[in-house]
There are 4 protein chains.
Amino acid sequence: MRADAQRNRERILAAAEAVFADKGPTASTEEVAARAGVAIGTVFKHFPTKQALLQAIMKGLLGRLEGEMAEFAADDAPGEALFTFVARMVEQAARKRTVVGLLAETGVDLQVATSVRMLREGIETLLVRSQEAGTVREDVRLDEVIALLTGICQGALHAGWDDDLQRRTLAIVFAGLRTPEGRG
Amino acid sequence: MRADAQRNRERILAAAEAVFADKGPTASTEEVAARAGVAIGTVFKHFPTKQALLQAIMKGLLGRLEGEMAEFAADDAPGEALFTFVARMVEQAARKRTVVGLLAETGVDLQVATSVRMLREGIETLLVRSQEAGTVREDVRLDEVIALLTGICQGALHAGWDDDLQRRTLAIVFAGLRTPEGRG
Amino acid sequence: MRADAQRNRERILAAAEAVFADKGPTASTEEVAARAGVAIGTVFKHFPTKQALLQAIMKGLLGRLEGEMAEFAADDAPGEALFTFVARMVEQAARKRTVVGLLAETGVDLQVATSVRMLREGIETLLVRSQEAGTVREDVRLDEVIALLTGICQGALHAGWDDDLQRRTLAIVFAGLRTPEGRG
Amino acid sequence: MRADAQRNRERILAAAEAVFADKGPTASTEEVAARAGVAIGTVFKHFPTKQALLQAIMKGLLGRLEGEMAEFAADDAPGEALFTFVARMVEQAARKRTVVGLLAETGVDLQVATSVRMLREGIETLLVRSQEAGTVREDVRLDEVIALLTGICQGALHAGWDDDLQRRTLAIVFAGLRTPEGRG
DNA sequence: CATGAATGAGCTTTCATTCAT
DNA sequence: CATGAATGAAAGCTCATTCAT
């Protein structure tokens with residue numbers, strides 16, 4: 001791909017993230033084009049359908065999340081890594097309308113599904129590690145963690161929680177996840 | 001209002017709830033009219049904009065929830081009323097696409113805001129009663145409960161959790177809310 | 001259907017026939033709406049897709065043709081009815097770009113297919129009657145007649161034959177169809 | 001013109017013929033470029049508009065037809081040459097969506113018009129020769145032959161006749177063209 | 001010369017809303 | 001009051017054409 005095309009692709013992705021973050025996924029592709037400073041045709045050249053554009057955003061987000069997870073997994077305090085990761089993700093969700101809507105979207109294609117699976121596996125690693133470290137209850141399964149993560153993110157996303165409310169809400173969920181010992 | 005007009009109003013509301021529950025809030029007003037068995041003009045006679053229709057639905061839902069809350073508040077086991085109510089609401093959310101999306105919607109008018117406030121007060125009653133009964137931790141505030149309720153409902157709504165996952169997820173949240181004694 | 005709606009429906013059909021006759025089936029629906037003096041939405045209210053509009057035109061044309069065939073079948077000179085009918089149809093085709101393009105169109109839905117079948121049957125009646133009258137050769141089958149009809153219509157349609165050329169061309173085809181006796 | 005440019009020109013023409021034969025003249029220029037293995041810009045370098053490309057194809061086809069006609073004119077059985085040529089052309093039309101549509105297209109430029117005239121002359125030669133040989137009726141004029149040729153080609157083209165139907169249809173037309181003696 | 005990214009007018013289709021019947 | 005036909009502004013998407021690389 002040529003340098004200018006690559007630059008435009010990135011500008012479109014950035015514009016799309018911003019626009020969809022502002023107005024939700026029903027915002028028009030035209031607005032994305034305008035924000036990116038390109039013509040509408042250029043957006044559709046790079047992403048042949050609106051779905052494709054949304055999926056590309058999602059893929060990017062998931063990629064970044066995987067990156068963060070890798071860091072946390074390499075952390076010194078494995079028992080806390082899951083909590084930190086979830087808190088970070090919720091924080092991001094509160095700023096991006098796109099993330100969570102897309103996480104729960106049905107009918108994503110294979111590439112994206114792969115990314116999701118990789119995210120699942122990353123979270124599973126954090127979960128297992130926390131359970132081995134004794135901070136998370138043994139009877140907690142991956143599905144519930146994902147469910148809670150999705151739910152809390154969507155809540156944060158739509159309700160526009162402030163930092164304090166976010167912290168307090170997570171505190172409750174974390175208390176529910178922790179072992180008696182983990183609660184200190 | 002004449003009797004037939006009143007009857008139409010109710011049929012439209014019922015149809016709208018059903019349609020939006022099925023297809024989400026992007027379903028067309030025309031479809032609501034069709035399901036109600038009236039012409040499109042009649043819908044707009046009763047609800048001058050689509051927003052107004054959505055708000056009316058929300059008001060109705062909130063009213064019914066208030067009713068349920070009154071029952072729970074009058075229950076024998078005040079310590080468990082909050083948990084039961086939350087569980088019931090999440091269960092409904094999984095079946096109605098409208099409820100939660102609307103709960104978090106911005107730009108509601110005064111009348112609806114009043115209903116929301118009343119719902120808040122109802123939940124607060126349940127919360128306080130639970131705390132007095134010693135089943136919910138003293139440091140939990142109303143805002144977090146609402147936040148969790150909204151979040152979990154939205155999660156259940158979009159992700160299509162099955163009954164088991166719903167139960168397990170709520171179990172974690174409830175564990176986070178309960179006092180050590182309440183966990184038994 | 002209300003009177004004004006019926007009137008609009010007819011104006012749209014007439015406009016569509018005119019526009020597609022002028023510019024072929026790639027002419028825009030917008031132009032049809034403009035020519036009919038209605039908004040674009042009105043066209044799509046009556047004919048939910050462009051295909052539906054084209055099929056409606058075709059159905060109308062076929063209907064008129066069936067009517068003509070009924071007349072010819074009731075005629076005194078059964079041996080000449082087929083020739084007259086074919087000549088009439090070719091004449092019309094020379095003035096309407098739509099007719100023939102649609103006659104040969106693939107993928108028409110059931111309703112239209114029914115109409116086509118009825119037209120086939122009508123032509124078959126004319127053919128059999130001509131053969132019984134001894135003016136058309138016994139070894140001529142319905143398929144060839146339809147094929148010739150379609151082909152000649154398309155030729156007349158696109159090449160803009162004048163009356164004389166049309167007559168001379170048909171004379172050749174008719175000579176090919178006739179029995180030696182029928183040629184007189 | 002440089003050798004590689006010439007080679008590209010030919011590849012584009014071949015690709016265009018193939019693509020338009022497959023999908024009709026509404027196929028996109030981009031697809032032609034892809035099939036030719038060149039970039040879209042290269043297509044427009046050689047043929048400044050889509051129309052120009054279509055006309056170039058037509059010119060090529062006409063040229064080839066002239067070649068074939070020369071062969072037939074030099075044939076031993078001059079009385080049958082016209083019939084053979086027409087049959088051959090119809091057969092091709094059934095396989096190439098472009099030929100006939102373009103043959104009847106209006107607005108061709110001078111160069112192409114010249115080619116058409118030359119084709120006319122070739123057919124005229126075949127016609128005259130057949131009439132001299134006594135197989136085609138004296139009162140048949142060139143215009144009707146061209147008209148029949150165009151019409152039958154278009155019919156075959158759009159309706160997708162099978163070989164048998166094609167043969168039977170042509171048999172009728174040929175019977176109409178032949179002298180009583182020629183029918184033997 | 002070839003490339004292929006960018007353009008933008010134009011297309012079909014949808015839907016909230018209005019208003020004559 | 002109810003009806004439902006008409007409206008027309010978008011929306012998503014396509015494609016012939018241009019021009020910087």
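Letters A, B, ... mirror the listed sequences (proteins, then strands); counts begin at 1. Heavy-atom basis, side chains included; hydrogens, waters and symmetry copies ignored.
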Ordered by number, residues from residues 31-39 of chain A within less than 4.0 Å of DNA chain E (heavy atoms) are A/V38, A/A39

Applying side-chain contact (heavy atoms from CB on, under 4.5 Å) to C/A52 and not counting sequence neighbours gives C/F47, C/P48, C/T49

Exercise for review: Using the P atoms only, state how far F/dT21 lies from E/dC1, rounded to an integer number of Å.
Suggested key: 22 Å

Stems with DNA chain E, 3 or more Watson-Crick or G-U pairs in a row (under 3.5 Å), are E:2-21 with F:2-21

Would you say that D/V32 contacts D/I40 through its side chain, given a criterion of any heavy-atom pair below 4.5 Å between the two side chains? no

Output for pair (A/L53 CG, A/I12 CD1), nearest 0.5 Å, gives 8.0 Å

If only side-chain N and O atoms of D/T42 are considered, is one of them under 4.0 Å from the OP1 or OP2 phosphate oxygen of E/dT3? yes

Note: for D/K45 and A/H46 on DNA chain E, the residue whose nearest nucleotide lies more 5' is D/K45

In whole angstroms, the gap separating P of F/dC15 from CZ of D/F47 amounts to 20 Å

One should read off an interatomic distance between D/F20 CZ and D/I57 CD1, to the nearest 0.5 angstrom, of 5.5 Å

To the nearest 0.5 Å, atom CG of D/L54 lies from atom CE of D/M58 at 10.5 Å

For residues 4-11 of chain C, tabulate all N or O donor-acceptor pairs below 3.5 Å that involve a side-chain atom, not counting sequence neighbours.
residue : atom : partner : partner atom : Å
C/D4    : OD1  : C/R2    : NE           : 3.4
C/D4    : OD2  : C/R2    : NH2          : 3.2
C/Q6    : NE2  : C/E10   : OE2          : 2.7
C/R11   : NE   : C/A36   : O            : 3.4
C/R11   : NH2  : C/A36   : O            : 3.0

Under a 4.0 Å heavy-atom criterion, the protein footprint on nucleotides 13-21 of chain E, written with B, S and -, is BB-SBB---

In whole angstroms, the gap separating P of E/dC11 from CZ of C/F20 amounts to 12 Å

Regarding the side chain of C/A5, the nearest nucleotide among F/dA6, E/dA2, E/dA5 is F/dA6

note: C/K23, atom NZ; E/dC11, atom C1'; distance rounded to Å ~ 15 Å

Exercise. Can you find a side chain N or O atom of C/N8 that sits less than 4.0 Å from OP1 or OP2 on F/dA5?
Worked result: no

Quick one: do A/R64 and A/E17 make a salt bridge, cutoff under 4.0 Å?
yes

For residues 34-52 of chain D, the salt bridge (charged side-chain N to carboxylate O under 4.0 Å, His left out) pairs (sequence neighbours left out) are D/D22-D/R35

Could you check whether any side-chain heavy atom of B/E30 comes within less than 4.5 Å of a side-chain heavy atom of B/V43, counting everything from C-beta outward? no

